[in-house]
Amino acid sequence: MNAFAPTPECVTDITPSGEDYAIVKQVIELITLDYRDQPSLENIADELGQSPTQLQKVFTRWAGLSPKAFLQAVTLDHAKRLLGHEQLPLLETSYEVGLSGPGRLHDLFVTHEAMSPGEWKAKGGGLTIRYGFHPSPFGLALVMATDRGLAGLAFADDEGGRDACFEDMAKRWPNAEYVPDQAATAPYIARVFDPDRWHREEPLRVVLIGSDFQVRVWQSLLKIPFGKAVTYSDVARDIGQPTASRAVGAAIGRNPISFVVPCHRALGKSGALTGYHWGLTRKRAILGWEAGRA
DNA sequence: ATTTGGTGTTGTG
DNA sequence: CACAACACCAAAT
């Protein structure tokens, strides 16, 4: 059960226990399934065998958003609104708005640097990657870092999912050396999920380790302003390969630094939420979380 | 509503 | 070096 790594005790406990996450997850699933019926808090609590007040409290603490607000935020209508409340905003224009609009919340102030082609070909050879598991608002998170910055962020579904999660990440750079080091990764977690620190403090350094094409796609995602979304074909157009939307989808799916590189802000052309490497439920949750803070 | 055909890149043999 | 697999999309049933 707990054979993989010692449970983190150095972590600041702003996050709910795994149990809470499990409950919240059910709530989210229920809401997103039945949002058409606009279920009341009572209905939901009934369905899950919880008391309404308790449920309200847990959910709000977890998401910074009441269940009611979340319900509204998460309808398809919301997803479509993200794409642009006027006509479909082409990526260019949303960049304009995102970059030049006064006081507009831009994205995380992330400075990114890609690895050189040589380093990429080495598949992580000669690279030391420190990693650790930490609780996060969206479940247990696996953080990976090199001395040049944050390299990977993934989500594990439950305790048993740790190994699978680590495998999934580690096979991306098979020749790297992996060292468990909670102390090194803890600072990243603290910053990444605290929106107040995104633009004031010094920028977050990340390293994008991937093929040339993938890196271009990820850089394009980083330009999407907070609280906005784009379609896969928008991204394809932005990187100068307008017919490559499918390839873009594949590349987005391999994004190693989830949440930081906002792959959750990529939607299908109709505004429908399409896939997510760590589960559609989590994608909805993240979008809802952002909607509550926009 | 569903199906079908055209896509670019990547991982595998 | 070919080939199947993809978090897609538009056009034709």
Side-chain angles (χ1 to χ4, degrees), chain A residues 25 28-29 32-33 36 74-76 78-80 82-84 87-92 94 107 114-125 127 138-139 141-142 151-157 161 164-165 167-176 208-224 228-290:
Chain A
K25 188 172 157 188
I28 291 171
E29 270 161 5
T32 50
L33 213 64
R36 269 169 280 254
V74 145
T75 53
L76 252 187
H78 168 70
K80 284 177 184 160
L82 280 181
L83 279 177
Q87 303 302 341
L88 58 154
L90 299 186
L91 200 59
E92 294 85 274
S94 61
D107 196 47
M115 311 222 60
S116 73
E119 288 171 306
W120 158 242
K121 262 204 305 211
K123 304 238 185 237
L127 198 64
F138 307 107
L142 168 62
L153 176 58
F155 294 108
D157 261 318
C165 180
E167 270 312 305
D168 181 49
M169 291 303 287
K171 71 174 180 236
R172 289 158 144 85
W173 314 297
N175 298 330
L208 300 175
I209 311 176
S211 72
D212 188 55
F213 179 82
Q214 288 170 336
V215 168
R216 283 197 341 263
V217 169
W218 300 334
Q219 284 175 343
S220 176
L221 287 181
L222 281 172
K223 292 192 282 183
I224 307 171
K228 287 276 182 196
V230 295
T231 66
Y232 294 96
S233 46
D234 285 335
V235 176
R237 192 165 45 245
D238 181 57
I239 62 172
Q241 258 145 301
T243 57
S245 54
R246 189 152 193 175
V248 164
I252 292 178
R254 299 204 79 78
N255 163 34
I257 319 180
S258 76
F259 189 80
V260 173
V261 175
C263 51
H264 52 278
R265 295 189 203 139
L267 310 177
K269 191 139 205 172
S270 65
L273 272 64
T274 38
Y276 193 62
H277 191 78
W278 291 278
L280 271 181
T281 298
R282 206 177 321 254
K283 185 171 184 174
R284 291 194 198 92
I286 295 174
L287 284 168
W289 183 84
E290 290 193 347

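Protein chains get the first letters and strands the later ones, always in sequence-line order, with residue 1 at the start of each. The structure displayed is predicted, hence computed values, not measured ones.
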With a 4.5 Å limit on heavy-atom distance, are the side chains of [X] and [Y] in contact?
X        : Y        : result
A:Ser258 : A:His277 : no
A:Ile209 : A:Leu127 : yes
A:Leu273 : A:Leu267 : yes
A:Asp238 : A:Val230 : no

Protein heavy-atom contacts under 4.0 Å, written 5' to 3' over nucleotides 7-13 of chain B as B (base), S (sugar-phosphate only) or - (none), form the string BBSS---

May I have the distance from A:Tyr232 (atom OH) to C:dC9 (atom C1'), rounded to whole angstrom?
13 Å

Write down the distance between CD1 (A:Ile252) and P (C:dA5), rounded to a whole number of angstrom.
22 Å

Under the 3.5 Å Watson-Crick or G-U criterion, the dot-bracket string of DNA chain C, with | for inter-strand pairs
||||||.||||||

Ring centre gap for A:Trp289 and A:Phe138 strictly below 6.0 Å
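Yes, the ring of A:Trp289 comes within the 6.0 Å limit of the ring of A:Phe138, centre to centre.
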
Test: A:Lys171 cationic atom under 6.0 Å from A:Trp173 six-membered ring centre, within 45° of axis:
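A:Lys171 over A:Trp173 ring: no.
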
Tell me every residue that passes side chain to side chain contact (heavy atoms under 4.5 Å, CB included) with A:Ala114, counting only those two or more places apart in sequence or in another chain.
A:Val215

For C:dC8, does OP1 or OP2 lie under 4.0 Å from any side-chain N or O of A:Lys269?
no

Are the side chain of A:Ser233 and the backbone N or O of A:Ala236 linked by a donor-acceptor pair below 3.5 Å?
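Here the side-chain-to-backbone pair does not exist.
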
